[in-house]
Amino acid sequence: MTGLAYRRTGTGPPLVLLHGIGSSHRVWFPVIDALAEHFDVIAVDLPGFGESPPAAGVEPHPAALADEVAGFLDALGIIAPVVVGNSLGGWVALELAEVRPIASLVLISPAGLWPGGTPTYNRLSLRATRWLAYHWAEPVSRLVNHKLGRALVMRQIIGRPFRLSPELAREMVWDMAAGPGFDATLEATRNRHYLAQPGPEVPITVAFGTRDLLLRRRSRHVEQLPPGARLELLPGCGHVPMSDDPCAVADLVMAAARRVGTVV
């Protein structure tokens, strides 16, 4: 038993996709098919989100979530994958690299790059989004059937909400509403941040969307990453850029994998 829900598709070297808080593996749907042409893609539901139950008896801070993912990958026999993480998934990916071999990390709008605890703006924004989805999931899911509704509801995390399909928008609303691990996971990050520890060197690519309204300047302390991290920008993209520009996100992953010889 792997313990975590996931979707697996494609052939080639292993590629692991980790989503953000209040999300699920479904957020990767716009890029999975393109990546599956080159990789064995494993899109994971983190503990307490999507179809994965919360980890029993564990405070769900990012290092603990990384331990769960490490055990999951061990159970599947996955060795030294490329790992792509968005938001909280980026922070979990960094912690994962501390406990098991990773070929390369691609961090898209990673959380945890702040100097102290989670900034108040980030916490309040996420709690407001969760409250809205939890208490008004049905009317909000109907609202996002329309372009203007998607622009209104999704603009904080999506840079180009008109490109987001109604189907995926509804999935994102319900994932935010239903994830039983949301509150405990957000609280577990309250007084934490990521800071690089001495250990094996892993090539890192970090990218931020130019329309990311959630991670402001105070949340982008890339100097807390290990030395040598490569910084990229995703023009016109928001905090969750996979639907904003699927080609740019897939190209970002492919370029990182080529630099380490994972694909040609």
Side-chain angles (χ1 to χ4, degrees), residues 4 16-25 27 44-50 52-72 83-99 102 105-134 156-157 172 175-197 199 204 206-209 212-226 229 238-241:
L4 297 180
V16 177
L17 305 178
L18 304 177
H19 62 79
I21 192 169
S23 188
S24 78
H25 76 277
V27 79
V44 183
D45 283 347
L46 291 173
F49 299 99
S52 293
V58 175
E59 183 188 11
H61 54 77
L65 298 180
D67 287 340
E68 295 290 323
V69 175
F72 160 81
V83 179
V84 185
N86 174 224
S87 194
L88 173 67
W91 189 352
V92 173
L94 284 163
E95 301 289 356
L96 185 64
E98 302 283 348
V99 297
I102 300 295
L105 290 176
V106 181
L107 314 176
I108 300 174
S109 308
L113 299 183
W114 37 70
T118 304
T120 301
Y121 169 79
N122 299 65
R123 287 191 293 104
L124 293 180
S125 296
L126 288 168
R127 287 202 180 279
T129 301
R130 165 72 166 187
W131 187 94
L132 181 67
Y134 186 83
Q156 184 187 38
I157 60 170
M172 292 172 70
D175 281 336
M176 176 61 75
F182 181 93
D183 293 328
T185 303
L186 184 61
E187 184 61 27
T189 68
R190 182 186 182 103
N191 297 312
R192 289 183 167 93
H193 63 276
Y194 174 78
L195 187 61
Q197 302 296 320
I204 296 175
V206 57
F208 295 98
D212 188 339
L213 301 182
L214 183 61
L215 290 185
R216 299 185 174 186
R217 183 175 300 178
R218 189 166 180 262
S219 302
R220 301 187 184 191
H221 284 260
V222 293
E223 71 275 5
Q224 294 175 194
L225 292 168
H239 184 67
V240 181

**OP:** Using the side-chain contact (heavy atoms from CB on, under 4.5 Å) rule, take L107 and W91 through it: C-alpha gap first, then chi angles, then the decisive distance, then the call.
**Re:** CA-CA 8 Å; L107 314 176; W91 189 352; over 6 Å; no
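- Between the side chain of T189 and the backbone N or O of L186, at least one donor-acceptor pair lies under 3.5 Å.
- Judged by distance alone, with hydrogens and angles left aside, the side-chain atoms of S52 form no donor-acceptor pair with the main-chain N or O of G48 at under 3.5 Å.
- When each of I102, V83, V206, L105 is checked for a side chain to side chain contact (heavy atoms under 4.5 Å, CB included) with L94, only L105 meets the rule.
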**OP:** Would you please test Y194 and E98 for side-chain contact (heavy atoms from CB on, under 4.5 Å) and show each step?
**Re:** CA-CA 12 Å; Y194 174 78; E98 302 283 348; 3.4 Å; yes
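- Not one N or O on the side chain of R123 forms a donor-acceptor pair closer than 3.5 Å with the backbone of R190.
- Side-chain contact annotation: D175 with S23, donor-acceptor N/O pair under 3.5 Å absent.
- A donor-acceptor pair shorter than 3.5 Å cannot be found between the side chains of H19 and N86.
- For the atom pair CG of L65 and CZ of F72, the computed distance is 13.5 Å after rounding to the nearest 0.5 Å.
- Pairing each heavy atom of S109 with each of G238, the nearest pair is OG-O, 4.1 Å.
- For the side chain to side chain donor-acceptor pair (under 3.5 Å) criterion with H221, the lone passing option out of E223, R217, Q224 is E223.
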**OP:** Applying salt bridge (charged side-chain N to carboxylate O under 4.0 Å, His left out), run through E95 and R192 and close with a yes or a no.
**Re:** CA-CA 12 Å; E95 301 289 356; R192 289 183 167 93; over 6 Å; no
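- Residues P110 and A207 share a closest heavy-atom pair of CD-O, 4.2 Å.
- Checked for salt-bridge contact, R127 and E187 meet the test: a charged N lies under 4.0 Å from a carboxylate O.
- S87 and H239 are linked by a side-chain donor-acceptor pair at a separation below 3.5 angstrom, with hydrogens and angles left out of the test.
- With hydrogens and angles ignored, the 3.5 Å screen pairs no side-chain donor or acceptor of R130 with any backbone N or O of S125.
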**OP:** Kindly determine whether D183 and T185 satisfy side-chain contact (heavy atoms from CB on, under 4.5 Å), including the steps that lead there.
**Re:** CA-CA 5 Å; D183 293 328; T185 303; over 6 Å; no
